[in-house]
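Just the heavy atoms: all of them, side chains too, but no hydrogens, waters or symmetry mates, feed the values below. Source: prediction; values computed, not measured.
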Amino acid sequence: MAMEVSDHEYDPQEEHAFPDDRLNEVLPALVEDPEVVAYLEAQNVNAVTRKGYNDHGSKHIEIVRNRALRLYDLLKAGGVEFNGASEQGLDEADEPVIVALAATLHDVGHVVHRDEHAYYSIPLAADLLDRFLDQFYETPEKVRVKAEVLHAILCHHTAETPLTREAGVIRVADALDMERGRSRIPYEEGGRGINTLSSQAIRQVSLQPGNGKAVLVEIEMINAAGVYQVDNLLKDKLHDSMLEDDVRIVAVNTKGDDDLVERIEL
């Protein structure tokens, strides 16, 4: 199973399967925005410090955003058509902007509470977007971009059904941050819940062009505990994401010191 570097960092200098000029203008302002930076730091307090959950702070957001843009790029290269921006009368160039914004802001509701955080994220992200998008859009376009970002944020929660593929990308990318580094803090502090143990069992995640489907997601596990991440969390996120027919997931136990599972394919 050929694995590549797990964190495929978005590079504005690379060639992409989508128009990237608008994203490359918006993204630097987004990652350096003081309010955004403050939220990404603050949102980990309820999740990690108080509840002992896996990382939901700046590192999680960086990984989700990179994987969302990687997933989006591969889907576009595979001929998958997106509907969120287009149905709002926006440009194709607005699709990756929506993806990047939603990936960055999807967990801000954690500053209110870990439980039901997706719903708290909506008003917080809406206020932030009202200010931030003024730099790049006139009012009609700003409202429509904001609408699509908020829809994608809401639908990263499995209780809600994505109506756009942009939202589906966020939903799946959120679950693709499953490697052991995400659970480092709760694990080192003695956490042994299923989320922590299963994340500790995932060594690497790779996204690449698929054979027969637009995207192949390869997951390397070192023991059977990783099955929970794949067969429960990721499978639930892929279901009803509008991407089920375009994404193939293969997980392999490479350490081989237990016989409980060798391979899972979704």
Side-chain angles (χ1 to χ4, degrees), residues 4-33 36-37 40 58-106 125 128-129 131-153 155-156 162 164-174 176-177 205-210 213-217 241-243 246-247:
E4 56 183 42
V5 177
S6 62
D7 286 343
H8 183 94
E9 184 175 355
Y10 175 78
D11 184 352
Q13 302 302 319
E14 289 183 356
E15 291 189 7
H16 300 107
F18 57 87
D20 60 9
D21 288 354
R22 196 163 298 167
L23 173 65
N24 293 341
E25 181 183 6
V26 171
L27 191 54
L30 179 65
V31 299
E32 295 173 3
D33 185 274
V36 172
V37 171
L40 301 192
S58 57
K59 186 60 179 177
H60 169 63
I61 295 304
E62 179 186 355
I63 292 171
V64 171
R65 184 173 58 239
N66 281 325
R67 290 188 174 160
L69 290 170
R70 172 69 168 162
L71 178 58
Y72 168 73
D73 196 14
L74 289 169
L75 289 165
K76 294 288 284 190
V80 176
E81 294 187 3
F82 282 71
N83 64 306
S86 62
E87 289 173 355
Q88 287 284 8
L90 296 167
D91 297 333
E92 183 183 7
D94 295 313
E95 294 172 0
V97 173
I98 291 165
V99 168
L101 286 167
T104 302
L105 301 176
H106 76 277
L128 193 154
L129 289 166
R131 171 187 59 79
F132 180 80
L133 290 174
D134 275 342
Q135 308 170 68
F136 306 102
Y137 293 96
E138 298 297 324
T139 297
E141 292 76 22
K142 182 182 84 168
V143 169
R144 292 174 182 274
V145 169
K146 173 184 169 183
E148 292 306 307
V149 172
L150 295 180
H151 175 71
I153 288 173
C155 293
H156 89 274
T164 71
R165 287 186 177 84
E166 289 93 331
V169 164
I170 302 305
R171 182 186 183 95
V172 174
D174 184 40
L176 289 175
D177 181 17
V205 176
S206 169
L207 283 75
Q208 53 195 286
K213 293 192 176 185
V215 182
L216 171 64
V217 177
S241 66
M242 299 184 70
L243 303 177
D246 304 306
V247 177

query = If you measure from CG on Leu243 to NZ on Lys213, what distance do you get to the nearest 0.5 Å?
reply = 10.5 Å
task = Identify the heavy atoms of Phe82 and Glu166 that sit nearest to each other, and give their distance.
result = CD2-N, 3.5 Å
query = Do the ring planes of His156 and His106 sit parallel (below 30°), tilted (30 to 60°) or perpendicular (above 60°)?
reply = perpendicular
key: Parallel, tilted or perpendicular: rings of Phe136 and Phe132 (30°, 60°)   = tilted
inquiry  = I need the minimum non-hydrogen distance between Ala100 and Leu30, along with the two atoms involved.
reply    = O-CD2, 3.9 Å
ask   = Which atom pair, heavy atoms only, marks the closest approach of Gly168 to Pro162?
value = N-CB, 4.0 Å
key: Given Glu81, Glu15, Glu95, the one that forms salt bridge (charged side-chain N to carboxylate O under 4.0 Å, His left out) with Lys76   = Glu95
message = Which heavy atom of Pro28 sits nearest to which heavy atom of Asn24, and what is that distance?
response = CD-O, 3.1 Å
inquiry  = To check you understand the geometry: which heavy-atom pair defines the closest contact between Val99 and Ala68, and what is its length?
reply    = CG1-CB, 3.7 Å
query = Under the criterion side chain to side chain contact (heavy atoms under 4.5 Å, CB included), which of Val80, Ile98, Leu71 is the partner of Val169?
reply = Leu71
query = Between Gly84 and Glu148, what is the shortest heavy-atom contact and its length?
reply = CA-OE1, 3.4 Å
task = I would like to know whether Asp73 and His16 meet side-chain hydrogen bond (donor to acceptor under 3.5 Å, both in side chains); could you show each step before the answer?
result = CA-CA 6 Å; Asp73 196 14; His16 300 107; 4.5 Å; no
query = Nearest 0.5 Å, what's the OG-CD1 distance between Ser241 and Ile170?
reply = 12.0 Å
task = State the CD-CG distance between Glu141 and Asp94, to the nearest 0.5 angstrom.
result = 8.0 Å
message = Could you walk me through whether Arg22 and Glu25 satisfy the salt bridge (charged side-chain N to carboxylate O under 4.0 Å, His left out) test, starting with their C-alpha distance in whole Å, then the side-chain angles of each, then the deciding distance to 0.1 Å, before giving a yes or no?
response = CA-CA 5 Å; Arg22 196 163 298 167; Glu25 181 183 6; over 6 Å; no
